[in-house]
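We name chains A, B, ... by the order of the sequence lines, and we start the count at 1 in each one.
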Number of protein chains: 2
Amino acid sequence: MPHRKPDKVAQLQKYIASHGLKWTSQRSVIVNRFFAPPHRHYRLEEILEKCRREDASISYATVYRTLIMLVEAGMAYQRHFGKGQSLFEPSGSHHHDHLICTDCGAIVEFENQTIEKIQEMVVKKHGFKLTHHKMELYGLCAKCQKK
Amino acid sequence: MPHRKPDKVAQLQKYIASHGLKWTSQRSVIVNRFFAPPHRHYRLEEILEKCRREDASISYATVYRTLIMLVEAGMAYQRHFGKGQSLFEPSGSHHHDHLICTDCGAIVEFENQTIEKIQEMVVKKHGFKLTHHKMELYGLCAKCQKK
DNA sequence: TTGAAATTGAAAACCACTTTCAAAAAGACC
DNA sequence: GGTCTTTTTGAAAGTGGTTTTCAATTTCAA
């Protein structure tokens with residue numbers, strides 16, 4: 001059984017109620033899929049495919065709109081990797097950055113406190129107020145180096 | 001007078017010759033514009049506009065193809081910012097990262113040796129071989145904070 | 001000068017979204 | 001329960017930046 005899924009669903013229902021929106025069966029399917037472990041980065045198409053296994057009539061547009069709603073509710077992040085590809089990930093998981101294999105596309109998450117601190121310094125130095133950041137390291141993973 | 005422009009042009013001509021490609025007047029215009037100081041990030045449209053002041057018949061497609069060729073020759077980087085927007089910048093300039101204002105779009109370059117070192121450690125730890133990386137800090141610049 | 005091969009400009013195709021719109025569903029109020 | 005207003009939905013069209021196609025043009029080695 002998923003751990004945090006119920007909380008997330010409840011949280012979203014609260015958001016929906018307080019914004020005059022409506023809870024629908026499609027949203028239920030999408031949100032449950034999205035927050036089901038393992039927490040990961042999903043392309044919209046991946047989520048769509050998962051959802052359609054449960055309800056074949058769910059459309060791309062609905063998944064799209066639901067994910068945007070999650071982002072607006074602060075319950076998901078939308079990241080743009082490379083050429084206009086969007087990945088969505090549940091928020092609330094600890095902050096992390098990404099290490100991406102340019103050959104096989106594998107994504108490894110990592111976290112480094114020192115980098116976070118240095119970022120703060122850089123931002124302060126230039127008078128910015130940081131809202132978010134993106135750090136991606138690209139290279140060949142161990143497997144692909146052997147090939 | 002531009003400093004490195006001549007070297008760059010010569011370097012590209014060598015690349016072109018050794019790959020069975022051809023040197024054309026369009027490529028000359030585009031490459032000279034691209035490598036003329038100040039070195040910066042250019043959207044394709046910006047370069048196109050510059051080039052057309054010199055040769056009004058140059059097409060988007062040609063600029064596009066020439067920039068891709070520069071990237072393949074290792075003489076330019078293509079960066080994808082946000083939603084599928086590409087910026088090109090001459091390679092060989094010192095490495096730097098970007099600080100981007102989410103309101104006015106201003107881009108500030110910065111450089112930090114410590115971050116570079118930590119990246120190396122992270123990559124090594126995960127068995128990757130680093131090819132390149134992207135680090136972007138997003139926030140409000142001083143001006144936009146006041147508004 | 002010639003001719004095979006690369007390049008060009010214009011336009012069409014692509015792709016990942018994003019929006020539109022008429023029909024269907026939700027849910028507040030009888 | 002019904003009723004009615006508002007939101008949501010799926011399908012399809014629209015967007016915007018990029019990428020490819022194709023016939024005509026240009027390059028450059030022979």
### Query
Quick one: salt bridge (Lys or Arg N to Asp or Glu O under 4.0 Å) partners of B:E54, sequence neighbours excluded?
B:R33
### Task
Report the residues that fulfil ring pair (Phe, Tyr, Trp, His ring centres under 6.0 Å) with B:H41, sequence neighbours left out, ordered by chain and then residue number.
B:H96, B:H98
#### Entry: Non-neighbouring partners of A:Y60 that pass ring pair (Phe, Tyr, Trp, His ring centres under 6.0 Å), sequence neighbours left out
none
### Query
Does any pair with a residue in residues 55-79 of chain B pass salt bridge (Lys or Arg N to Asp or Glu O under 4.0 Å), and if so which ones, sequence neighbours excluded?
B:R79-B:E89
## Note on the structure
Residue pairs meeting salt bridge (Lys or Arg N to Asp or Glu O under 4.0 Å), one or both in residues 107-132 of chain A, sequence neighbours left out, come to none
### Contact state string [nucleotides 15-25 of chain C, B base, S sugar-phosphate only, - no protein heavy atom under 4.0 Å]
-SBBBB-----
### Summary
Contact span of DNA chain D against chain A, any nucleotide atom under 4.0 Å from a heavy atom, 5' to 3', runs D:dT6 to D:dT19
### Query
What is the distance, rounded to the nearest whole Å, between atom CZ of B:R27 and atom C1' of C:dA6?
8 Å
#### Entry: Spacing between B:W23 atom CH2 and C:dT7 atom C1', to the nearest angstrom
13 Å
Kindly list each side-chain donor-acceptor pair under 3.5 angstrom involving residues 44-53 of chain A, sequence neighbours excluded, with atom names and distances?
| residue | atom | partner | partner atom | Å |
| --- | --- | --- | --- | --- |
| A:E46 | OE2 | A:R43 | N | 2.8 |
| A:R52 | NE | A:I58 | O | 2.8 |
| A:R52 | NH2 | A:I58 | O | 3.0 |

### Residues that, via side-chain heavy atoms closer than 4.5 angstrom, fall in one hydrophobic cluster with A:F128
A:L99, A:V108, A:F110, A:I115, A:I118, A:V122, A:V123, A:L130, A:M135, A:L137, B:L99, B:V108, B:F110, B:I115, B:I118, B:V122, B:V123, B:F128, B:L130, B:M135, B:L137
### Message
Using 0.5 Å steps for rounding, measure from the CZ atom of A:R27 to the CD atom of A:Q13.
### Response
11.5 Å
